[in-house]
*Asks:* 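Quick one: structure below, then a few questions.
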Amino acid sequence: MAAHTPLHPNLRWGLVAFSSSLFINNKTRDSGAAHTYHPAHEVLASLPLQMMLYFNVYYFPVWCLAEGMMLQLKYHLLPQHYQFLLVTAFLILSLAEGSRLYLGYVGNLQEKVPELAGFLLLSFLIQLPLLLFLLTDSHIIRLPLEMTVHSLFLAFLLAEIVAAFLALKTMTKQLAAQFYLWQFKEGNQGPQPCGM
């Protein structure tokens, strides 16, 4: 018997379905037997990657605020082309980071290879070059706070790239093994020759 709740039943079941997709082992009474999860294989989600993503979600607003303040302080001191480059880099980093973190969460927790590969590509092809530009270009005015927040962001990014690569390697190996097993089972259950 479920406890009384002020939530509408449809909203309650929607939240249960949503939480069961995020948290695999939902052991509340309202989840029912239909939502029971019996893993057919070992859970492949990477705990180190998930921890780094979790802390990066909280660090990103701090980075965004600090970078926005530093950009505002030095904007009028920069040449016009560097003004454009820095604003563009800040906007691309900010927009790509939200997408990157979402893809990392979905790809890791739900063990989805395309999303995790997208996370890795965004990290390696967009975030890393832009962050290295902000850290190493000698013509921009680099402030101490800016160097600190960029260095910490770079450390998160490099660690996440390594962890995502290892998680992706493990997931693809498992999926390939499942595919070959499925092919083997289908081959054994194929059509039998007539007359035998």
Side-chain angles (χ1 to χ4, degrees), residues 18-25 41-75 77-78 81-175:
F18 176 73
S19 69
S20 67
S21 70
L22 287 180
F23 308 106
I24 294 173
N25 292 325
H41 61 48
E42 178 184 351
V43 176
L44 301 173
S46 170
L47 180 61
L49 176 60
Q50 194 59 40
M51 289 172 58
M52 286 180 272
L53 288 170
Y54 176 80
F55 292 123
N56 200 356
V57 164
Y58 288 107
Y59 178 69
F60 174 62
V62 172
W63 175 86
C64 205
L65 182 66
E67 177 61 18
M69 287 179 3
M70 297 300 112
L71 189 57
Q72 183 184 11
L73 285 173
K74 65 182 180 179
Y75 186 78
L77 301 173
L78 294 168
H81 61 283
Y82 272 103
Q83 290 175 349
F84 175 74
L85 284 175
L86 287 179
V87 169
T88 305
F90 175 68
L91 290 175
I92 291 173
L93 278 169
S94 299
L95 294 174
E97 184 67 8
S99 302
R100 190 180 77 84
L101 291 174
Y102 172 75
L103 288 173
Y105 261 87
V106 170
N108 189 38
L109 289 179
Q110 295 180 4
E111 298 176 5
K112 293 187 175 182
V113 171
E115 284 81 355
L116 198 56
F119 166 80
L120 196 57
L121 286 174
L122 275 175
S123 300
F124 193 71
L125 296 178
I126 294 178
Q127 300 285 93
L128 190 61
L130 285 175
L131 199 54
L132 288 174
F133 165 72
L134 292 175
L135 275 169
T136 60
D137 192 345
S138 61
H139 297 293
I140 61 174
I141 302 166
R142 289 181 277 180
L143 302 171
L145 176 63
E146 195 174 28
M147 293 300 292
T148 305
V149 294
H150 288 332
S151 298
L152 190 55
F153 192 28
L154 182 64
F156 268 124
L157 192 61
L158 291 174
E160 288 169 359
I161 287 172
V162 171
F165 177 76
L166 295 174
L168 193 60
K169 184 178 173 184
T170 304
M171 284 182 198
T172 53
K173 223 188 269 188
Q174 177 71 24
L175 285 174

*Asks:* Enumerate the residue pairs fulfilling salt bridge (charged side-chain N to carboxylate O under 4.0 Å, His left out) with a member in residues 150-159, sequence neighbours excluded, ordered by first and then second residue.
*Replies:* none
*Asks:* Decide side-chain contact (heavy atoms from CB on, under 4.5 Å) for I140 and L85; before the verdict, give the C-alpha distance in whole Å, the side-chain angles of both, and the deciding distance to 0.1 Å.
*Replies:* CA-CA 10 Å; I140 61 174; L85 284 175; over 6 Å; no
*Asks:* Just wondering, more than 12 heavy atoms not from F124 lying within 6.0 Å of its CZ?
*Replies:* no
*Asks:* Once side-chain hydrogen bond (donor to acceptor under 3.5 Å, both in side chains) is applied, do any residues pair with K173, and if so which ones, sequence neighbours excluded?
*Replies:* none
*Asks:* What's the shortest heavy-atom distance between V113 and M171, and which atoms?
*Replies:* CG2-CB, 4.0 Å
*Asks:* Minimum heavy-atom separation for W63 and S94, please, with both atom names.
*Replies:* CZ3-OG, 4.0 Å
*Asks:* Going by side-chain contact (heavy atoms from CB on, under 4.5 Å), name the residues that satisfy it together with H139, two or more places apart in sequence or in a different chain.
*Replies:* Y82, D137
*Asks:* What distance do L122 atom CG and L128 atom CG have between them, rounded to the nearest 0.5 Å?
*Replies:* 12.0 Å
*Asks:* Taking side-chain contact (heavy atoms from CB on, under 4.5 Å) as the test, write out the residues that go with L121, two or more places apart.
*Replies:* L125
*Asks:* As an exercise, state the distance from CG of L131 to OG of S123, rounded to the nearest 0.5 Å.
*Replies:* 11.0 Å
*Asks:* Partners of Y59 by side-chain hydrogen bond (donor to acceptor under 3.5 Å, both in side chains), sequence neighbours excluded?
*Replies:* none
*Asks:* Taking atom CG of L86 and atom CE of M70, what is their separation to the nearest 0.5 Å?
*Replies:* 13.0 Å
*Asks:* So which pairs with a foot in residues 163-172 pass side chain to side chain donor-acceptor pair (under 3.5 Å), sequence neighbours left out?
*Replies:* none
*Asks:* Could you tell me which residues satisfy side-chain contact (heavy atoms from CB on, under 4.5 Å) with A96, sequence neighbours excluded, listed by chain and number?
*Replies:* I126, Q127
*Asks:* To the nearest 0.5 angstrom, please state how far the CD atom of Q83 sits from the NZ atom of K74.
*Replies:* 11.5 Å
*Asks:* Are the side chains of F119 and L116 in contact, using a 4.5 Å heavy-atom criterion?
*Replies:* yes
*Asks:* Does E115 reach the side chain of Q110, with side-chain heavy atoms less than 4.5 Å apart?
*Replies:* no
*Asks:* Contact between I141 and Y75 at the side-chain level, heavy atoms closer than 4.5 Å - yes or no?
*Replies:* no
*Asks:* List for me each residue that meets ring-ring contact (aromatic ring centres under 6.0 Å, His included) alongside F84, sequence neighbours excluded, and say none if there are none.
*Replies:* none
*Asks:* When rounded to the nearest 0.5 angstrom, what is the spacing between CD in E97 and CG in L130?
*Replies:* 11.5 Å
*Asks:* Side-chain polar contacts of residues 151-167 - donor-acceptor pairs under 3.5 angstrom, sequence neighbours left out - could you list them?
*Replies:*
unit_1: S151; atom_1: OG; unit_2: M147; atom_2: O; d: 2.7
unit_1: E160; atom_1: OE1; unit_2: N56; atom_2: ND2; d: 3.3
unit_1: E160; atom_1: OE1; unit_2: R100; atom_2: NH1; d: 2.8
unit_1: E160; atom_1: OE1; unit_2: R100; atom_2: NH2; d: 2.8
unit_1: E160; atom_1: OE2; unit_2: N56; atom_2: ND2; d: 2.9

*Asks:* For a quick test of your reading: what N or O donor-acceptor pairs under 3.5 Å do the side chains of residues 101-109 make, sequence neighbours left out?
*Replies:*
unit_1: N108; atom_1: OD1; unit_2: S46; atom_2: N; d: 2.7
unit_1: N108; atom_1: ND2; unit_2: S46; atom_2: O; d: 3.0
unit_1: N108; atom_1: ND2; unit_2: Q50; atom_2: OE1; d: 2.9

*Asks:* Holding to salt bridge (Lys or Arg N to Asp or Glu O under 4.0 Å), I want the full list of residues that pass it with E67, two or more places apart in sequence or in another chain.
*Replies:* none
*Asks:* Classify the ring geometry of Y58 against Y54: parallel below 30°, tilted from 30° to 60°, perpendicular beyond 60°.
*Replies:* perpendicular
